[in-house]
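A short worksheet on the structure shown next.
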Amino acid sequence: MTAQEVQQLFQYLQDKKLMSSADAHSILEEANTKHTSPFDVLKERGNIEEEILTQSVAEVIHMPYVNLREVQLTQEVMHLLSQDIESNYKVVPFKRVGSDVSVAVVNPYDFKAIEALDFIARRDKLKMTYHLVSESSFREAMKQYGNLGQEVEQALQAQIEGVPDERPSSVEELSGGDSNIANAPISKMVAVILRYAVDGSASDVHIEPEDDATRVRYRVDGVLHTSLKLPKAVHNALVARIKVLANLKLDETRLPQDGRFRMTIDNRSVDFRVSTFPLIGSEKVVLRILDRTVALATLNELGFRSRDTDVITAYTNVPNGMILVTGPTGSGKSTTLYALLQMLNTDERNIVTLEDPIEYYMAGIAQAQVNPDIGFTFAKGLRSILRQDPNVIMVGEIRDQETAELAIHSALTGHLLFSTLHTNDAAGAIPRLIDMGVEPFLISSALSLVIAQRLVRRVCDNCRKQITLPVELESEVLLAVQDVSKDVLPEGVTLNLPLKLYKGDGCQKCEHTGYKGRVAIAELLVVNDTIKEMIVNRTVNSVAMMQQAQKDQTMISLRQDGILKALQGLTTIEEVWQATLEG
C-alpha cells in the first residue's frame, strides 16, 4: 500500500472504532523503528480480525472484496489457471459468466501477477475482474484445487508400468539414474502426499502396506482417515524416497529407524519426524508433522480456563519444585510443557531439556535428545544437566525409579522441574511415583502441582448450531456437574434447563466432520498441606484425594471441565464422554 492509502486505512479503522488513535501512533512508531511498513506492523499485531482488515483495505483502495469460504468453488473455474500460477501469484478464479471471470488476489500490488493474468486473459479472450481476498481464505480455497487422488494418479502414470517391487539402494537408483530426483515420479508422489497433509492440518501421515495395496492415512484432530490407496508395487519406492529425505539407511529393513527432514511447502518451513517399522516383508512409515511457521500456543490458546492459567502461572514463577503433566499418549502433554517453557524463556533463566524426541526447537533453550542405544538415558542426562547450572529443567518423561528420584532431588535442590507421567488423572500421579519406589516424604516435599489433560475436538465455528440433549443424557450431564461451584462457571454459562449445547452440521471448512481443531480439557491438583499429609501418612487414594482437592481447592475434574467447555460451545458432549471414559 502507498503511504497515502495506509493513512486512509488507519483513518477508516478509527472511524469504524476498530483502532484507537493511540494504537495508530504506536504502530507508526514501531514501523519507523523497524524500518518497515505500518501496514505490515498492523498485520503482525493481529488486533483486527483478518477478514475485517481485508474488507477494510478493499474499501480504502476501491476494490471488490470476497471471502472464498462463502463461495461455492468449482473445479472447472479453478482450473482456468494452472495450480503453479495460482500458488506462485496467490490468485484463484472463483466465478465465470461467459467470458467474464472473477479472480481473487491476495496482493493487488503484485504487478507481475496482474501482468501474467492480463496476458492469459488476452490469450484466452477472457475479461478478468479482480477481488481482494485474505491470505487464509485463499489457502482454504487452494485446498480444493484438484484432489489428492488425481495428483498422485498423474505421478503414477509415469511410474507404475516400470516400477519393480524392489528397494532402491541409492539416491541415483531412486531418482532413475541421471534424472533430477526432484522430478522423479515417486518424488512427486511423496511431495503431493506431504503437501496435502500440511494443507489439511494433519498431525501424522501413515504409509502402510496391505495385501494388495499401500494405504495412506492422515491423522486430523486426533482421528485417522484413509485418504488414498496406491498400488502395492510403489510401496518400497515410497519408503526409500522418505528414507533418503530423512538420511536413513536404505539397506536396513530389519530394524526400526528414526530421522527427520525439513521441507518448504507453500512458503512454510515444515519439519517431518520419520519413524520406520519393519513388518513381514516390508516396512511401515509414520511421519509426524511439525509446522515451524505455527507459533507455540499459550495456555489460553490451548484451552485452559483463566482460573487454571492463574494457578499454573503462580507455580511456574517459583524458583524450585516439581510440576507434572499427566495423560495418555496423544493428550497434548508435550505441547503444554512447551507452553510453560515459553512463559519462562528469558535471558535471566538457564533452561535445559531432555526429550525423546525433540518435537519443537525453541530459541534460547538448550534441548538435548536422549539416546538409550549409546547409554544417554533420561537418568544419565539428568545427572549431567545438574552440572550445567540450570534454573529450569524439563524431562520429557519419568519412566523409572532412577529418573524419578533424580527428578525429585533436582526439585528439592533449587531447580524448577517439569515432566510427564502416563496416568489417567491428576491424583494418580502420586501413587504412581510411590510404586516406582520414591519415598512419600520426598514426594510431598518436592511436588507442587499436577496437571491432567486430554484433547477433544473443537466444534467447527462455521457450521455450529445449538442442539437439545435427550432427557436421560441431560440428567447425566447435570449429575456430573452438580458439585461445581457457580464461581467456576465460565461467563455466560448456566446450568438452567434446557442446557444449551452445540454441534457442527458439517461444512466445507471442516470437511463435513463438524469439528475443526482441538481444545484441551484439564484438571489441576495443587499439592497443599492436606494433600502432603495424606502422602506422608501413606493414605494415598486417587478417589479420596480428588474428593479432598475438590473440597479444598474448588477443583473440577476432567469430565466437569469438558462439560463446561461443551456448554461454552467449544466441543460436544460426545467428545467429552469419549475422552473421559476412564475418568
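The analysis underlying the following values was restricted to heavy atoms, covering all of them including side chains, and did not include hydrogens, waters or symmetry mates.
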query: What is the minimum heavy-atom distance between Asp425 and Ala452, and which atoms define it?
result: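 Closest approach of Asp425 to Ala452: C-CB, 3.7 Å.
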
message: In the structure I gave you, are the side-chain heavy atoms of Leu230 and His235 within less than 4.5 Å of one another anywhere?
response: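 In short, these two side chains do not touch, never coming nearer than 4.5 Å.
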
- prompt: Just wondering, do Val274 and Arg260 contact through their side chains at under 4.5 Å, heavy atoms?
  reply: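 Side-chain contact under 4.5 Å: no.
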
message: Less than 3.5 Å apart, any donor N or O on the side chain of Thr336 or Gln453 sitting next to an acceptor on the other?
response: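 Their side chains do contain a donor-acceptor pair, which is all the 3.5 Å distance test asks for.
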
- prompt: Taking 4.0 angstrom as the limit, do Asp199 and Arg139 come out as a salt bridge?
  reply: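 Salt bridge absent between Asp199 and Arg139.
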
message: Check this for me, if you would: do Asp204 and Arg288 make a salt bridge, where the nitrogen-to-carboxylate-oxygen distance has to be below 4.0 angstrom?
response: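 Arg288 and Asp204: salt-bridged.
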
- prompt: Between Phe261 and Phe272, what is the ring plane arrangement, given parallel below 30°, perpendicular above 60°, and tilted in between?
  reply: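 Taking Phe272 first and then Phe261, their aromatic rings lie parallel (interplane angle under 30°).
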
Strictly distance-based, threshold 3.5 Å: is any side-chain N or O of [X] a donor or acceptor partner for the main-chain N or O of [Y]?
X      : Y      : value
Thr403 : Arg399 : no
Arg349 : Leu344 : yes
Glu252 : Arg254 : yes
Glu523 : Ala426 : yes

field: Worked verdict on Val223 versus Thr513 for side-chain contact (heavy atoms from CB on, under 4.5 Å)
entry: CA-CA 11 Å; Val223 180; Thr513 63; over 6 Å; no

message: If you apply the rule side-chain contact (heavy atoms from CB on, under 4.5 Å), what do you find for Leu382 with Leu354, and how did you get there?
response: CA-CA 8 Å; Leu382 193 47; Leu354 271 176; 4.3 Å; yes

message: Can you confirm whether more than 12 heavy atoms, excluding those of Lys380, are under 6.0 Å from its NZ atom?
response: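 For Lys380, atom NZ is not crowded (no more than 12 foreign heavy atoms under 6.0 Å).
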
